[in-house]
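These notes are about the structure you will find just below.
Order of appearance sets the numbers: ligands from 1, and atoms from 1 within every ligand. Note that this is a predicted model, so its numbers are computed, not measured.
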Amino acid sequence: MSNSILFKQVSIANEDNSELLVSDVLIEGGVIKSVSSNLTPPDNSRTIEASGKVLLPGLFDVHVHLREPGQTSKETIATGTEAAINGGVTGVVAMPNTLPAIDSGGMVKSVLETARSDSRINFLTTGCITKGREGKEMAAISGMKEAGVAMITDDGSPVENPQLLRRAMEYAREFDLPLASHCETMQLSGPGAMNEGRRSYKLGIPGIPSISEEICISRDIQLAAYTGAHLHIQHVTTAVGMEIIRRAKNDGVKVTCEVAPHHLIFNENHIVDYDTYYKMNPPLRTEEDNARLLDGLVEGVFDVIATDHAPHTEFEKKQQDFEAAPFGITGLETALPSLNHYFINEDKMNWGQIVKRYASEPRRLLGFNPVSIKEGEEAEIILFDPTGETTFTKDFMESKSPNTPFLDKTLKGSVELVVVGEKVLLDRI
Ligand SMILES: [Zn+2]
């Protein structure tokens with residue numbers, strides 16, 4: 001492997017820059033050595049003609065399910081992080097709904113230990129708010145903090161008991177940990193399997209009403225305001241929920257939130273033929289929600305984009321009917337091409353916004369410095385061809401599970417190169 005790479009005439013995307021800067025970029029010894037026009041390649045360097053291609057910081061996904069331990073037929077830390085690399089993601093935060101759940105310092109240590117040998121990228125884990133994610137007793141938050149947990153969450157379920165959640169928020173505040181909330185009111189969701197509305201009536205599928213999510217968002221925000229904890233609201237899907245968060249932010253509540261690409265791109269009308277690859281929780285909402293959430297992302301209500309990468313085997317998804325199949329779709333490999341295809345390509349978002357929401361803010365949320373394409377910075381970069389194409393065949397994907405609506409479909413854009421420090425993690429040039 002050559003020690004230096006020279007990108008000729010590459011378009012550099014940095015946070016907050018709506019325009020791309022065209023320049024040469026030289027990477028040497030894992031560091032961005034120089035950003036300037038007309039650089040001459042040093043001896044033994046690799047030169048990449050990159051005109052029309054975009055160089056951006058490695059993406060960071062704060063919401064992924066890697067299924068290890070316990071459900072390694074769906075995914076493992078090794079395959080999940082390789083899927084991340086395949087999508088240009090160089091850092092992930094794993095959710096704790098594994099078997100057993102990650103709810104103690106020992107479990108956190110063991111998962112981080114596995115990642116040290118199996119992951120080629122930055123791997124962080126969350127820990128549970130309650131023991132076993134059962135919502136009954138608080139988990140050992142201090143032990144998990146000591147073991148290096150990134151956030152606490154019972155993702156997959158809400159903490160139904162407000163007194164328990166209040167106490168957990170007080171702990172989270174003391175330990176300086178964000179508490180991430182899966183907002184859902186279980187009594188309202190009932191056996192629901194898709195958004196409640198005309199479409200669910202037509203299909204005869206029990207619905208999950210938008211108020212199930214919105215009531216819980218309001219409750220959790222009030223608890224955060226009361227306790228002073230940092231609340232992070234996961235996978236927001238409704239415009240009303242988003243507006244509640246916007247108001248809370250304006251009122252000075254310490255709340256951040258995320259949106260998943262699939263909730264910007266798809267809605268309930270995409271559920272035809274009872275296709276379980278469109279079944280996720282929270283569910284796809286309405287076409288109007290798609291548009292309003294995208295506005296919210298551009299306006300900065302959403303701090304981060306996160307995929308909620310949720311692998312399930314083909315058998316679990318396809319051999320069961322819509323109501324019985326598990327919730328969730330994968331996202332790590334499709335996220336960037338889909339954002340390019342639907343939003344960059346249509347002038348609805350620019351590269352600076354993608355970098356801010358899917359690379360910089362996720363790192364800030366976790367207390368890290370963002371990475372950028374500037375002289376002297378450590379190289380953590382991806383090269384993306386916005387005019388290329390990617391077809392998401394099972395062969396192409398590194399994830400163990402094929403459950404994405406994009407399976408066998410083609411999107412505009414292709415991740416061509418992923419470099420972290422001195423290591424080239426992916427090379428498709
Ligand atoms: Zn969730």
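Paired with His63 under the rule ring-ring contact (aromatic ring centres under 6.0 Å, His included), one option of His182, His309, His235 passes, and it is His235.
With a 4.5 Å cut-off on side-chain heavy atoms, Glu268 and Met194 count as touching. For the pair Met242 and Leu293, the minimum side-chain heavy-atom distance is below 4.5 Å.
At a threshold of 2.8 Å, the Zn ion (ligand 1) has no backbone or side-chain N, O or S atom of Glu184 nearer than that distance. For a distance bound of 2.8 Å, the N, O or S atoms of His182 include one lying that close to the Zn ion (ligand 1).
Close placement of the Phe266 and Phe406 rings is indicated, their centers lying within 6.0 Å of each other.
Closest approach between the Zn ion (ligand 1) and any N/O/S atom of Asp155 involves OD1.
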